[in-house]
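First comes the structure, then the notes that go with it.
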Amino acid sequence: MKVLVVGGGGREHALCWAIAQSPKCDKLYCAPGNAGIAQVAECVDISADNVSKLVDFASHNGIDFVVVGPEQPLTAGIVDRLHGAGIKAFGPSAAAAEIEGSKSFMKDLLGKYDVPTADYAVFDEPDQAKEYIIRKGAPLVIKADGLAAGKGVILCRNNNEAFAAIDHIMTEREFGESGALVVIEEFLDGEEASFFALVDGKRAVPLISAQDHKTAYDGDEGPNTGGMGAYCPAPVVTDEIATMIMDTVITPVIEGMASEGRPYKGVLYAGLMITDAGPKVLEFNVRFGDPECQPLMTMLESDILEALLACAEGKLDKVDLRWHDGCALVVVMATKGYPGFYEKGSVIRGLDGAGEVEGVTVFHAGTKADRQGHFTAQGGRVLGVTARGATVAEAQARAYAAVDRIDWPEGFCRRDIGWRAIQREG
Ligand code: AMP
Ligand code: GLY
């Protein structure tokens, strides 16, 4: 069959890499793709948020199946539009994607179906926010509404910090107009994990768990990013916790979405805090995590295309996912300056040598090939150096051995990806 993957990041490179290995895939396109994806798919110069052009391309090129990577086209209704054109697609409808797109929809749903999550309230007026802070008492988490990727999230240990956060966000407008509304949440204490389930509208099949590293610098310091590294499986998600996540989070949400007339299909990504009282939901995403998708795809032994198709066709009961033994870890290499300002266009050398390290696959997130055939950096997060190993420590050693073969003075990475799991391995 002819498959189109939408997106151009490390997540989409990993998806293309895995889909290209399926005997069912005769021809693979990716829009817009990147220089790494071009090694396994034909890249099409249409941006991932140009829904109309993507649907036209799929219609005019006989695409049988579209796999949507990022959330933006999903919340904009690309799957509905593709269905309208008679084309199968992996991902939720716009109505189902509200679980990521609207925090109030998500929180109301969790309340209605009794899914554990942090208490929260929304305020558009600083004095009322401060009264709530006094009533609830710190620790609390204060968030400027409508900002993604952890920007504008302030963890407040005492009431004074919480008052100061309200002044910064609402009065001084440190994050601009998104400070017109603040969300105040109960502080959840524990270790975070990313949990993914494939969903076909009725049933869910869990993937192995993962954990990412959100902050820019070693020791979990510095500003939040889209993710500087990840590994799977995450030891914090024991078999017992995984069962609890399925029973208390994933299953009720899928049943709830179906009851609300918005059956969920695609991958459901739960960002969780594993607390002493069990797993609690921080957020939902309607897509694979990036970079988590990169180690996940290298661990999957089963045919990914068959599994994604089964989601779209409502036939997940036919799917039994098999995984390789051991674990996988990705180190993200980003352009210096990320997540703030950075220059584009620096040349990256040594990728072939990096890919020769045992167990290593280098996924591209933001690269272009220049006229001389050199890879150049075109984004914040640029490479995902991914390695499998028997242990997280082995996967980490392999990933950094590959990183050290990459000659890119303008890039940087964290040197401690996987530290929590490695501490547990002892
Ligand atoms: P968000 O952008 O809302 O996903 O939040 C970004 C990060 O802030 C999360 O990944 C957590 O590390 C932290 N965080 C958010 N909400 C809470 C909470 N209620 N309790 C503890 N940490 C939180
Ligand atoms: N790695 C976090 C995310 O994909 O949102």
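Each ligand, and each atom within it, is numbered from 1 in the order the structure gives. Worth saying up front: this structure is predicted, and the values here are computed from it rather than measured.
Here is the list of ligand 2 atoms found below 4.0 Å of a heavy atom in Asp212: 1 (N), 2 (C). The ligand atoms of ligand 1 that sit less than 4.0 angstrom from a heavy atom of Lys143 are 1 (P), 3 (O), 15 (C), 16 (N). Ligand 2 places these atoms under 4.0 Å from at least one heavy atom of Arg287: 3 (C), 4 (O), 5 (O).
In this structure, Tyr269 has a heavy atom closer than 4.0 Å to ligand 2. Heavy-atom distances between Gly289 and ligand 2 reach below 4.0 Å in at least one pair. The closest approach between any non-hydrogen atom of Arg11 and ligand 2 is not below 4.0 Å.
Side chain of Gln211 to backbone of Glu192: a donor-acceptor contact under 3.5 angstrom is found.
Across every non-hydrogen atom of Arg381 and Ala365, the tightest pair is O-CB, 3.3 Å.
Taken from CD in Glu394 to OG1 in Thr391, the straight-line distance is 5.5 Å, to the nearest 0.5 Å.
When only interatomic distances are considered, the shortest N/O to N/O separation between Lys214 and ligand 2 does not fall below 3.5 Å. Considering backbone and side-chain N/O atoms, Glu192 comes within less than 3.5 Å of an N/O atom of ligand 1. Considering backbone and side-chain atoms together, Leu188 places an N or O closer than 3.5 Å to an N or O of ligand 1.
Ion pair Glu100/Arg287 flagged as a salt bridge, since at least one NZ, NE, NH1 or NH2 atom sits closer than 4.0 Å to an Asp/Glu carboxylate oxygen. Under 4.0 Å is where a charged nitrogen must lie from a carboxylate oxygen, and between Asp303 and Arg322 no such pair does.
Remark: Lys88 fails to qualify as a cation-pi partner of Phe65 under the 6.0 Å distance and 45° angle criteria applied to the six-membered ring. For the pair Arg11 and Phe363, the NZ or CZ position fails the cation-pi test of under 6.0 Å to the six-membered ring centre and within 45 degrees of the ring normal.
Contact annotation: for Glu292 versus ligand 2, heavy atoms closer than 4.0 Å belong to the side chain alone.
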